[in-house]
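Order of listing sets the numbers, starting from 1, for every ligand and every atom in it.
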Amino acid sequence: MTESSMTPDSRAFRNTIGLFATGVTVITTEIKGEVHGMTANAVASLSLDPMLLLASVGKKARMAGLLQEASTFTVNILRADQESLSTFFAGGWKEPEPPPFQFAGWKEQPQMGMTRLENVLAAIACVKHEILEGGDHWIIVGRVVALHQGEPPRSPLLFYGGRYYQLYVTKEHPAPPRRDM
Ligand code: FAD
């Protein structure tokens with residue numbers, strides 16, 4: 001096993017932050033009846049009171065322009081077997097036919113015209129709260145307005161070091177309670 005330290009350049013930063021394992025989401029938003037989806041793993045919970053989350057969206061992404069206009073969006077958390085959806089909504093799908101997926105309305109908030117992906121692990125509906133500068137990305141802050149948890153078993157798709165993984169539990173221990181919650 002070799003350790004290494006390096007001067008940060010964008011490739012080294014990407015490779016190093018890529019060692020922080022995450023789940024995978026598809027952000028969906030709807031404008032004038034048209035839904036657009038984009039794969040994102042730079043998503044985090046931001047605040048509990050008020051309930052806020054953040055997503056970092058590349059300024060060149062189509063989603064970035066749409067989110068300037070949209071008033072709502074949904075963060076869809078993918079299941080372990082939904083790697084194809086992650087690749088598809090990242091623009092990397094090579095097959096002639098798209099993988100199967102369906103959009104559904106949020107029955108909890110029908111008046112808001114929000115759309116989520118069906119059969120995902122979980123989904124979080126947000127009203128756009130603020131958009132902040134973040135270098136070559138926008139930091140999209142959403143106020144949480146509805147939550148959905150899919151049917152068990154709830155096993156996430158994971159992203160680590162530029163590859164997809166599934167959770168294989170060999171050890172499980174309780175973490176300490178978070179004092180910020
Ligand atoms: P496009 O590239 O235009 O769309 C993506 C694909 O989805 C296209 O093939 C499009 O046809 C299809 N699509 C979208 N909506 C629909 C629809 N309604 N019906 C059918 N097809 C549809 N980028 C970030 O900015 N932030 C991140 O946090 C981030 N995390 C990522 C994590 C992973 C694991 C991966 C693989 C990529 C990540 N990306 C992230 C990159 C990002 O997903 C891609 O750059 C993406 O292509 C940018 O999306 P876009 O809005 O420009 O959409």
Does Phe73 offer a backbone N or O that forms a donor-acceptor pair with the side chain of Thr29 under 3.5 Å?
->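 Absent.
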Taking only heavy atoms of [X], which atoms of ligand 1 are found under 4.0 Å from at least one of them?
{"X": "Phe159", "value": "34 (C)"}
{"X": "Phe103", "value": "18 (N)"}
{"X": "His137", "value": "25 (O)"}

Are the side chains of [X] and [Y] in touch, meaning some heavy atoms are under 4.5 Å apart?
{"X": "Val57", "Y": "His137", "answer": "no"}
{"X": "Tyr164", "Y": "Phe159", "answer": "yes"}
{"X": "Leu53", "Y": "Cys126", "answer": "yes"}

Of the protein's non-hydrogen atoms, which lies at the shortest distance from [atom], and what is that distance?
{"atom": "atom 28 (O) of ligand 1", "value": "Ala42 N, 2.9 Å"}
{"atom": "atom 12 (C) of ligand 1", "value": "Phe88 CE2, 3.9 Å"}
{"atom": "atom 17 (C) of ligand 1", "value": "Val35 O, 3.8 Å"}
{"atom": "atom 26 (N) of ligand 1", "value": "Ser56 O, 2.8 Å"}
{"atom": "atom 2 (O) of ligand 1", "value": "Gly91 CA, 4.6 Å"}
{"atom": "atom 41 (C) of ligand 1", "value": "Thr39 O, 4.1 Å"}
{"atom": "atom 15 (N) of ligand 1", "value": "Gly37 N, 3.0 Å"}
{"atom": "atom 36 (C) of ligand 1", "value": "Ala90 CB, 3.7 Å"}

Under 4.5 Å between side-chain heavy atoms, hopping through other hydrophobics if needed: is there a path connecting Ile124 to Val120?
->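 No, because Ile124 and Val120 fall into different hydrophobic clusters, even though each may have its own neighbours under 4.5 Å.
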Common cluster, Trp138/Val43, ILVMFWY with side-chain heavy-atom separation under 4.5 Å =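 Both belong to a single hydrophobic cluster.
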Can you figure out which of [options] has its heavy atom closest to [atom]?
{"atom": "atom 4 (O) of ligand 1", "options": "Met38, His36, Arg62", "value": "His36"}
{"atom": "atom 51 (O) of ligand 1", "options": "Glu34, Met63, Lys59", "value": "Met63"}
{"atom": "atom 5 (C) of ligand 1", "options": "Phe101, Tyr164, Phe89", "value": "Phe89"}

Would [X] count as a polar contact of ligand 1, with the cut-off being nitrogen or oxygen pairs under 3.5 Å?
{"X": "Gly58", "value": "yes"}
{"X": "Ser86", "value": "no"}
{"X": "Val57", "value": "no"}

Please name the pair of heavy atoms, one in Ile131 and one in Leu67, separated by the smallest distance, quoted to 0.1 Å.
->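 Closest pair (atom of Ile131, atom of Leu67, distance): CD1-O, 3.7 Å.
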At their closest point, which heavy atom of Ser84 faces which heavy atom of Trp93, and how far apart are they?
->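 Smallest interatomic distance, heavy atoms only, reads CB-CZ3, 3.5 Å.
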Can you find a protein heavy atom under 4.0 Å from atom 45 (O) of ligand 1?
->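 Neighbour list for atom 45 (O) of ligand 1 is empty of protein heavy atoms (cut-off 4.0 Å).
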Does some non-hydrogen atom of Trp93 fall short of 4.0 Å from ligand 1?
->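 Judged by the 4.0 Å heavy-atom criterion, Trp93 does not count as contacting ligand 1.
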Between the side chains of [Y] and [X], is the shortest nitrogen-to-carboxylate-oxygen separation below 4.0 Å, so that they form an ion pair?
{"X": "Lys59", "Y": "Glu133", "value": "yes"}
{"X": "Asp9", "Y": "Arg11", "value": "no"}
{"X": "Arg163", "Y": "Glu83", "value": "no"}

Whether Trp106 and His148 hold their rings parallel, tilted or perpendicular, with breakpoints at 30° and 60° |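 Correct class here is perpendicular.
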